[in-house]
Amino acid sequence: MTKNATQQAVDAAIAAHRDRPGALLPILHAVQDAIGHIPPEAVPAIAAALNLTRAEVHGVVSYYHHFRTAPGGRHTLRLCQAEACQAVGAAALADHARTALGCGFHEATADGALGLEPVYCLGQCAAGPAAMLDEEVHARLSPAELDALIQAARGRP
Ligand code: FES
């Protein structure tokens, strides 16, 4: 994403929403919808337009799990981190995924194949740990099954 494209998306989002009450969230959604994430260089312009500090804008971006600050991958692996899945090993599975992918939550693999995101419940609470690869939900996921999913996704365009 070039700086120009980012700037255009930010300018358009600000122009469309700056005059409504609570403009920050609609602006952030519009930027992410347009370019897939909210790059750090978008924050100063948004803060200036809304008369907020950069820290305030950054705080909102980091508070909402929905917003990402780096580009995603071709495929998205979402690991459930909610309570019922935590009780059956979601944290260990997340550690395994981070090691296997070489990236953390809200990041993507170096080859751009996969982005890793947390999600908070996939409706599989009795069959955790649960995950979603693109649109497909997987339940009772073992580390080996996760490896197989990752490998299959890497092989797909
Ligand atoms: S808590 Fe993980 S699917 Fe509901």
Side-chain angles (χ1 to χ4, degrees), residues 1 6 9-10 13 16-17 20-43 46-47 50 52-157:
M1 188 61 54
T6 297
V10 171
H17 300 290
R20 55 195 277 191
L24 179 54
L25 282 177
I27 288 173
L28 294 175
H29 279 288
V31 171
Q32 181 154 305
D33 288 348
I35 58 177
H37 67 294
I38 298 169
E41 63 266 30
V43 170
I46 295 171
L50 299 181
L52 297 170
T53 65
R54 294 176 189 196
E56 285 168 325
V57 175
H58 179 72
V60 171
V61 171
S62 20
Y63 178 78
Y64 288 97
H65 297 291
H66 173 75
F67 296 127
R68 46 178 311 124
T69 55
R74 286 197 315 278
H75 301 283
T76 304
L77 176 63
R78 294 184 168 84
L79 295 183
C80 180
Q81 298 296 291
E83 201 172 326
C85 284
Q86 288 288 354
V88 289
L93 194 63
D95 283 343
H96 182 85
R98 279 189 279 261
T99 303
L101 297 171
C103 70
F105 281 130
H106 304 299
E107 295 175 353
T109 54
D111 63 1
L114 271 142
L116 182 62
E117 300 291 337
V119 69
Y120 293 86
C121 200
L122 291 166
Q124 302 291 321
C125 311
M132 194 167 159
L133 178 60
D134 296 330
E135 301 306 316
E136 216 175 78
V137 174
H138 299 268
R140 292 200 174 89
L141 205 54
S142 69
E145 287 164 338
L146 184 65
D147 287 342
L149 283 182
I150 290 171
Q151 195 172 347
R154 281 190 195 279
R156 290 201 294 269

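Both counts, for ligands and for their atoms, begin at 1 and track the order of listing.
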**Student:** Give every donor-acceptor pair under 3.5 Å between a side-chain atom in residues 76-90 and any protein atom, sequence neighbours left out.
**Tutor:**
from, atom 1, to, atom 2, distance (Å)
Gln81, OE1, Gln86, NE2, 3.4
Gln86, NE2, Gln81, O, 3.1

**Student:** Sorted by chain and residue number, which protein N/O/S atoms are under 2.8 Å from atom 2 (Fe) of ligand 1?
**Tutor:**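 The answer, once waters are left aside, is Cys80 SG, Cys85 SG.
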**Student:** Identify the two heavy atoms, one from Cys103 and one from Leu116, that lie closest to each other, and give their separation to 0.1 Å.
**Tutor:**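 Taking every non-hydrogen atom into account, O-CD2, 3.9 Å.
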**Student:** Using residues 144-155 as the side-chain source, report each donor-acceptor pair under 3.5 Å to any protein atom, sequence neighbours left out, with the distance given to one decimal.
**Tutor:**
from, atom 1, to, atom 2, distance (Å)
Glu145, OE1, Ser142, N, 2.9
Glu145, OE1, Ser142, OG, 3.3
Asp147, OD1, His96, NE2, 2.7
Asp147, OD2, His96, NE2, 3.2
Arg154, NH1, Asp111, OD2, 2.9

**Student:** Centroid-to-centroid, His106 to His37, below 6.0 Å?
**Tutor:**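 When the ring centroids of His106 and His37 are compared, they turn out to be at least 6.0 Å apart.
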**Student:** Taking all non-hydrogen atoms of both residues into account, name the closest pair between Leu101 and Thr109 and its distance.
**Tutor:**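 Nearest pair, atom of Leu101 first, then Thr109: O-CG2, 3.4 Å.
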**Student:** Going by the ring-ring contact (aromatic ring centres under 6.0 Å, His included) test, which pairs reach into residues 111-143, not counting sequence neighbours?
**Tutor:**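 Qualifying pairs, neighbours excluded: His65-Tyr120.
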